[in-house]
K.L.:
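Sharing a structure here in structure tokens format.
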Amino acid sequence: MGALSFFGKKSKPLIGLDVSSTSVKLLEFSQQGSSYRVENYAVRPLPPNSVVEKNINDVEAVAQIIKAVVHSSRTRVKDVAVAVAGSSVITKLIEMPIDLNEDAMETQISLEADQYIPYPLEEVALDFDILGPSEKNPERVEVLLAACRRENVDVRSTILELAGLNAKVVDVEAYTMERAFSLVEDQLEDQDEQVVAIVDIGATMTTLSVLVAGKTIYTREQLFGGKQLTEEIQRRYGLSAEEAGLAKKQGGLPDDYEPEVLEPFKDAVVQQVTRSLQFFFSSSQYNDVDHLVLAGGVASLAGLAPLIEEKLGTPATVANPFANMSVSSRVNATSLANDAPSLMIATGLALRGFL
């Protein structure tokens with residue numbers, strides 16, 4: 001269990017490093033009282049196909065980009081928190097005697113884990129978190145058990161080692177999103193007991209996380225993302241992938257781009273959000289959410305949040321975890337603000353140094 005730390009508490013700064021399908025994003029915070037400050041931040045694109053659907057295919061290429069992003073950020077911190085995709089992790093809520101200390105609990109979980117995990121235990125990294133007393137039995141505690149195939153953890157440790165860094169925490173993306181949401185929550189109205197859906201629309205993957213009273217109760221990934229808009233720009237205007245990506249961000253495309261390319265893509269995003277929510281409603285006791293929070297690079301598209309709000313009839317907010325943070329003079333505040341929706345996972349990872 002020592003090789004994985006989904007839940008362990010840390011007390012010194014960590015770099016939050018989000019390795020997505022298209023880029024590496026780095027964040028480092030400091031803490032003053034109850035407030036955080038962005039000390040370092042950098043983003044670098046990854047070579048095509050070096051990471052596919054959250055799986056790292058080209059270890060050397062990813063390690064080189066991590067080196068570059070660390071260098072450009074000018075951080076001196078070497079300890080890192082990274083994440084694995086929620087789809088690669090099995091979680092199980094179990095109950096254990098309240099009088100066991102953590103060492104005894106770890107021993108017992110190790111002995112009994114094969115009851116809960118459908119893989120050979122030598123292939124699995126395990127961790128657990130004590131949630132609190134059981135509502136059903138005051139002599140027992142609820143324990144959240146998390147397990148991930150060791151190869152997913154090992155490959156992340158390897159790329160960090162190659163980049164001259166130390167993997168201190170391997171987290172789960174869903175928990176990093178929950179942690180980052182704590183910085184966004186006070187921007188929403190009527191926060192108590194709200195059902196909030198965070199829709200993280202990245203380059204190739206859309207992840208829905210539903211939180212009730214700030215705790216994750218549901219996550220689901222599906223293949224859909226901003227890459228589809230980039231590919232349509234490439235096809236229609238004869239551009240390379242790099243040119244299309246820049247044009248998408250910086251503008252300068254022909255007049256027919258908005259009505260014929262961008263608006264249909266936004267409609268497709270609305271359909272994906274609707275479909276994700278329908279999956280949630282059909283598998284839970286809920287038939288509505290109080291608020292939508294849009295994250296990921298696609299969330300930055302102008303007019304997307306109002307469109308989703310109009311079509312779904314649910315208040316929608318673009319995620320900005322830095323709204324109440326101060327920013328170091330080393331950090332490009334404009335770039336940070338532009339990238340804010342896509343930095344939720346990196347934010348949740350960087351917070352691990354303090355929680």
K.L.:
Set out, in order, the CA-CA distance, both residues' side-chain angles and the distance that settles side-chain hydrogen bond (donor to acceptor under 3.5 Å, both in side chains) for Asn40 and Arg330, then state yes or no.
P.N.:
CA-CA 7 Å; Asn40 288 297; Arg330 291 187 299 275; 3.2 Å; yes
K.L.:
With distance as the sole test, does Arg156 use its side chain to make a donor-acceptor pair with the main-chain N or O of Asn152 at under 3.5 Å?
P.N.:
yes
K.L.:
Please check if the side chain of Thr230 supplies one atom and the backbone of Gly226 the other of a donor-acceptor pair under 3.5 Å.
P.N.:
yes
K.L.:
Within a reach of under 6.0 Å around NZ of Lys227, are more than 12 heavy atoms found that belong to other residues, nucleotides or ligands?
P.N.:
no
K.L.:
Can you tell me if CD on Glu231 sees more than 12 non-hydrogen neighbours from other groups inside 6.0 Å?
P.N.:
yes
K.L.:
Side-chain heavy atoms under 4.5 angstrom apart, residues restricted to Ile, Leu, Val, Met, Phe, Trp, Tyr: same cluster for Val293 and Tyr218?
P.N.:
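They do not share one cluster, since no chain of ILVMFWY contacts under 4.5 Å joins Val293 to Tyr218.
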K.L.:
Under a 3.5 Å distance rule, please check whether Thr158 uses its side chain to pair with a backbone N or O of Asp154 as donor and acceptor.
P.N.:
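A pair under 3.5 Å: yes.
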K.L.:
Could you check whether any side-chain heavy atom of Asp200 comes within less than 4.5 Å of a side-chain heavy atom of Met344, counting everything from C-beta outward?
P.N.:
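No; the side chains remain at least 4.5 Å from each other.
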K.L.:
Looking at Ala85 and Glu221, what are the two nearest heavy atoms and their distance?
P.N.:
CB-OE2, 3.7 Å
K.L.:
Return the minimal non-hydrogen interatomic distance between Phe29 and Glu39, and the atom names on each side.
P.N.:
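Closest approach of Phe29 to Glu39: C-CG, 4.1 Å.
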K.L.:
In sequence, state the C-alpha distance, the side-chain angles, and the governing distance for Lys25 and Ser20, and then conclude on side-chain hydrogen bond (donor to acceptor under 3.5 Å, both in side chains).
P.N.:
CA-CA 8 Å; Lys25 307 175 191 77; Ser20 71; 3.2 Å; yes
K.L.:
Heavy atoms, side chains only, cut-off 4.5 Å: are Thr314 and Val289 in contact?
P.N.:
yes
K.L.:
In the structure I gave you, are the side-chain heavy atoms of Phe181 and Leu188 within less than 4.5 Å of one another anywhere?
P.N.:
yes
K.L.:
One pair to check against side chain to side chain contact (heavy atoms under 4.5 Å, CB included): Ile65 and Val51. What are the steps and the verdict?
P.N.:
CA-CA 12 Å; Ile65 295 299; Val51 179; over 6 Å; no
K.L.:
Using side-chain heavy atoms (C-beta onward) and a distance below 4.5 Å, is Val38 in contact with Leu27?
P.N.:
yes
K.L.:
Do Asp339 and Ser342 touch side chain to side chain, with heavy atoms closer than 4.5 Å?
P.N.:
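Answer yes - side chains close enough.
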K.L.:
Dump the intermediate steps for side chain to side chain contact (heavy atoms under 4.5 Å, CB included) on Arg236 and Glu232, then the final yes or no.
P.N.:
CA-CA 6 Å; Arg236 184 172 286 254; Glu232 181 59 19; 3.7 Å; yes
K.L.:
If you draw a 6.0 Å radius around CD in Glu135, do more than 12 non-hydrogen atoms from other residues or ligands fall strictly inside?
P.N.:
no
K.L.:
Applying salt bridge (Lys or Arg N to Asp or Glu O under 4.0 Å), can you list everything that pairs with Glu28, at least two apart in sequence or on another chain?
P.N.:
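Per chain and number, Glu28 pairs via salt bridge (Lys or Arg N to Asp or Glu O under 4.0 Å) with no residue.
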K.L.:
With hydrophobic residues grouped by side-chain heavy-atom distances under 4.5 Å, do Leu229 and Leu246 end up in a single group?
P.N.:
no
K.L.:
For residues Val59 and Val84: do they belong to one hydrophobic cluster (side chain heavy atoms under 4.5 Å, members Ile, Leu, Val, Met, Phe, Trp, Tyr)?
P.N.:
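Val59 clusters together with Val84.
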K.L.:
Measuring only between side-chain heavy atoms, which start at C-beta, is Lys54 closer than 4.5 Å to Ser88?
P.N.:
no
K.L.:
Tell me whether Met205 shares a hydrophobic cluster with Val269, the cluster being built from Ile, Leu, Val, Met, Phe, Trp, Tyr side chains joined at under 4.5 Å.
P.N.:
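No, Met205 and Val269 fall in different hydrophobic clusters.
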K.L.:
Under 6.0 Å between ring centres: does that hold for Tyr36 and Phe322?
P.N.:
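No - the distance between ring centres of Tyr36 and Phe322 does not fall below the 6.0 Å cut-off.
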K.L.:
For Glu151, enumerate each residue passing the salt bridge (Lys or Arg N to Asp or Glu O under 4.0 Å) test, keeping only those at least two apart in sequence or located in another chain.
P.N.:
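Scan of Glu151 (salt bridge (Lys or Arg N to Asp or Glu O under 4.0 Å), adjacent residues dropped) gives none.
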K.L.:
Report the distance from atom CD of Glu309 to atom CG of Leu294, rounding to the nearest 0.5 Å.
P.N.:
9.5 Å
K.L.:
To the nearest 0.5 Å, what is the distance between CD1 (Ile109) and CG (Leu126)?
P.N.:
8.0 Å
K.L.:
Testing the 3.5 Å rule here: is there a donor-acceptor pair between the side chains of Asp256 and Tyr237?
P.N.:
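Per modelled atom types, Asp256 and Tyr237 side chains form a pair under 3.5 Å.
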K.L.:
For the CG atom on Asp99, are there more than 12 heavy atoms of other groups (residues, nucleotides or ligands in this structure) within a distance under 6.0 Å?
P.N.:
yes
K.L.:
Testing the basics here: between Ala305 and Val318, what is the closest heavy-atom pair and its distance to 0.1 Å?
P.N.:
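Scanning both residues, the minimum pair turns out to be CB-CG2, 3.9 Å.
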K.L.:
Any non-hydrogen side-chain atom of Val169 less than 4.5 Å from a side-chain atom of Val82?
P.N.:
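No; the side chains remain at least 4.5 Å from each other.
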K.L.:
Are Arg179 and Asp171 within salt-bridge range, i.e. N to O under 4.0 Å?
P.N.:
yes
K.L.:
Enumerate the residue pairs fulfilling side chain to side chain donor-acceptor pair (under 3.5 Å) with a member in residues 276-293, sequence neighbours excluded, ordered by first and then second residue.
P.N.:
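Found Gln222-Ser276, His291-Thr317.
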K.L.:
Find the distance between CG (Leu26) and CD1 (Ile15) and round it off to the nearest 0.5 Å.
P.N.:
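One finds 5.0 Å between CG of Leu26 and CD1 of Ile15.
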K.L.:
How long is the straight-line distance from CD1 of Ile98 back to CD of Glu142, given to the nearest 0.5 Å?
P.N.:
11.0 Å
K.L.:
Look at the side-chain heavy atoms of Ile, Leu, Val, Met, Phe, Trp and Tyr, link any pair under 4.5 Å apart, and say whether Leu46 and Ile201 land in one connected group.
P.N.:
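In one cluster: no.
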K.L.:
Can you confirm whether Val141 sits close enough to Glu95 that some side-chain heavy atom of one is under 4.5 Å from a side-chain heavy atom of the other?
P.N.:
no
K.L.:
With a 4.0 Å cut-off on N to O distance, would you call Glu123 and Arg150 a salt bridge?
P.N.:
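Salt bridge: no.
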K.L.:
Go through Leu131 and Leu93 one step at a time and tell me if the side chain to side chain contact (heavy atoms under 4.5 Å, CB included) criterion holds.
P.N.:
CA-CA 9 Å; Leu131 301 181; Leu93 199 60; 3.4 Å; yes
K.L.:
In this structure, are over 12 heavy atoms from other groups packed under 6.0 Å from Glu139 atom CD?
P.N.:
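No, because the 6.0 Å sphere around CD of Glu139 holds 12 heavy atoms or fewer from other groups.
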K.L.:
Check the pair Ser209, Thr216 against side-chain hydrogen bond (donor to acceptor under 3.5 Å, both in side chains), reporting the backbone distance first and the verdict last.
P.N.:
CA-CA 7 Å; Ser209 299; Thr216 305; 5.8 Å; no
K.L.:
How long is the gap from CD1 on Ile94 to CG on Leu144, to the nearest 0.5 Å?
P.N.:
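So the gap between those two atoms works out to 9.0 Å.
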K.L.:
Go through the steps for Gln108 and Glu112 under the test side-chain hydrogen bond (donor to acceptor under 3.5 Å, both in side chains), then give the verdict.
P.N.:
CA-CA 6 Å; Gln108 190 166 329; Glu112 298 177 3; 3.2 Å; yes
K.L.:
How far does CZ of Phe265 sit from CD of Gln272, to the nearest 0.5 angstrom?
P.N.:
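Reported to 0.5 Å precision, the distance equals 9.0 Å.
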